[in-house]
Amino acid sequence: MIAELFYRRQALILGTLSMVGLVVLWQIAVDGGFINPFFISTPSQVWAEFVAQFQDGQVAANVGATLYCFAWSMGLATVVGILLGMLAGWFSDVEAALEPFIWFKYSAPTVAFYPLFVAWLGYGTPTIIAIAFLFALTPIYANTLSGIKNTDRDLARAARSFGAKPYDIFFRVALPGSVPVMMAGLRLGVGRALTGVVVAELFGANAGLGYAITYYGQLMQTTRMMVSIVIVILLGVILTQILSFLESKTDSWRTDTGR
């Protein structure tokens, strides 16, 4: 029973053990004098500070502000990225028209546009959402485009042989078949959207995890800063794991041809 549970949850168990081991090594390295606690603090001190910030409401306020911007930016990137990806994947002319803008956005450092968004939208939430939206848009668009373009040709030919119209092939063959690839794009987009939110909060915000990192970093209060850094890491892991789970469910209908 234990062995069966281990093999079913092997990735989760090994991942958890590796994180626990890293925390233990961190504590031992500081306690043993190998690392100056001024630079990285210790897990025990970070935990004590987390409890203090949780009780006075700082954690809730900062996490809430970050998740609010994340939800808006990820929602917009999902809608726009999937819509444009489907159009570009199905119509080659749309792909050709969008390609210069997408690759320009992909190759250019998104954070370089931060001053422009500040000039257009001002400091705060609108600029943060815009930056995070740009961070997340490309992988969602690219994966959706790839999923639609790589529609199973045998299924498409079979559908045509039974009299399916182009819109039938799109909605009943191309779109369902591309869902797993879209979910992979969303998983990548989640990480990039969270990164975009935190990066934008580092530059100009009055709340959020990125703001807390900058604020306490400037005051050289390492333990308080590490609380927000750890929360960002945990949020990233949780969000990407949720999308990974959903991605696996969307691909569960496929037949394993190797058997």
Side-chain angles (χ1 to χ4, degrees), residues 53-54 56-88 94 97-145 182-183 185-219 224-225 227-240 242-243:
Q53 291 189 20
F54 181 82
D56 66 18
Q58 288 188 56
V59 170
N62 289 328
V63 171
T66 296
L67 288 180
Y68 176 82
C69 294
F70 167 81
W72 271 103
S73 59
M74 187 62 192
L76 291 173
T78 298
V79 173
V80 175
I82 289 179
L83 179 61
L84 293 181
M86 288 192 301
L87 291 174
V94 175
L98 291 177
E99 188 172 11
F101 300 98
I102 295 298
W103 286 111
F104 170 77
K105 186 261 163 212
Y106 180 78
S107 59
T110 303
V111 72
F113 298 103
Y114 182 83
L116 287 176
F117 284 110
V118 170
W120 297 337
L121 304 174
Y123 281 101
T125 300
T127 295
I128 295 171
I129 292 174
I131 292 293
F133 164 78
L134 290 179
F135 265 80
L137 178 63
T138 304
I140 297 174
Y141 166 83
N143 276 51
T144 303
L145 169 66
M182 290 184 191
M183 293 302 299
L186 290 176
R187 177 167 53 84
L188 297 174
V190 161
R192 290 181 61 86
L194 183 61
T195 300
V197 169
V198 174
V199 167
E201 288 176 343
L202 291 174
F203 288 96
N206 56 11
L209 294 171
Y211 163 77
I213 292 171
T214 299
Y215 178 76
Y216 290 122
Q218 290 174 342
L219 297 177
R224 293 182 174 179
M225 179 184 67
V227 170
S228 297
I229 292 176
V230 171
I231 292 174
V232 169
I233 294 172
L234 292 177
L235 280 178
V237 171
I238 292 170
L239 291 171
T240 52
I242 290 173
L243 264 295

Considering all heavy atoms of both residues, which atom of [X] and which atom of [Y] are nearest to each other, and what is their separation?
X: Ala193; Y: Ala132; answer: O-CB, 3.5 Å
X: Phe135; Y: Pro139; answer: O-CD, 3.9 Å
X: Tyr216; Y: Arg224; answer: CE2-CD, 3.5 Å
X: Leu121; Y: Pro126; answer: CD1-O, 3.7 Å

Nearest-0.5 Å distance, [atom1] of residue [X] to [atom2] of residue [Y]:
X: Leu137; Y: Leu84; atom1: CG; atom2: CG; result: 7.0 Å
X: Leu83; Y: Ile140; atom1: CG; atom2: CD1; result: 12.5 Å
X: Ile238; Y: Leu243; atom1: CD1; atom2: CG; result: 13.0 Å

If we only count heavy atoms from C-beta on, is the [X] to [Y] side-chain gap below 4.5 Å?
X: Met86; Y: Thr144; answer: yes
X: Ile131; Y: Val199; answer: no
X: Leu194; Y: Val190; answer: no
X: Leu209; Y: Leu235; answer: yes
X: Leu186; Y: Met183; answer: yes

Verify, without hydrogens or angle tests, whether Asn62 (side chain) and Gly208 (backbone) share a donor-acceptor contact under 3.5 angstrom. yes
Would you say the side-chain atoms of Arg187 pair up with the backbone N or O of Thr240, donor to acceptor, closer than 3.5 Å? no
Going by the rule side chain to side chain contact (heavy atoms under 4.5 Å, CB included), which residues pair with Leu145 if we only count those two or more places apart in sequence or in a different chain? Ala88, Glu95, Tyr141, Lys149
Sequence neighbours left out, what passes side chain to side chain contact (heavy atoms under 4.5 Å, CB included) with Leu134? Give chain and number order. Lys105, Thr110, Phe117
Hey, could you give me each pair passing side-chain hydrogen bond (donor to acceptor under 3.5 Å, both in side chains) that has a residue in residues 194-204? Not counting sequence neighbours. Thr66-Glu201
With sequence neighbours excluded, tell me which residues meet side chain to side chain donor-acceptor pair (under 3.5 Å) with Tyr215. none
Who passes side chain to side chain donor-acceptor pair (under 3.5 Å) against Ser73, sequence neighbours left out? none
Report the C-alpha distance between Met74 and Ile129 in whole Å, list the side-chain angles of each, state the deciding distance to 0.1 Å, and finish with yes or no for side chain to side chain contact (heavy atoms under 4.5 Å, CB included). CA-CA 9 Å; Met74 187 62 192; Ile129 292 174; over 6 Å; no
Residues at least two apart in sequence or cross-chain that pass ring-ring contact (aromatic ring centres under 6.0 Å, His included) with Tyr114, listed by chain then number, are Phe203
Carefully, step by step, assess Val80 and Phe133 under the rule side chain to side chain contact (heavy atoms under 4.5 Å, CB included). CA-CA 10 Å; Val80 175; Phe133 164 78; 4.1 Å; yes
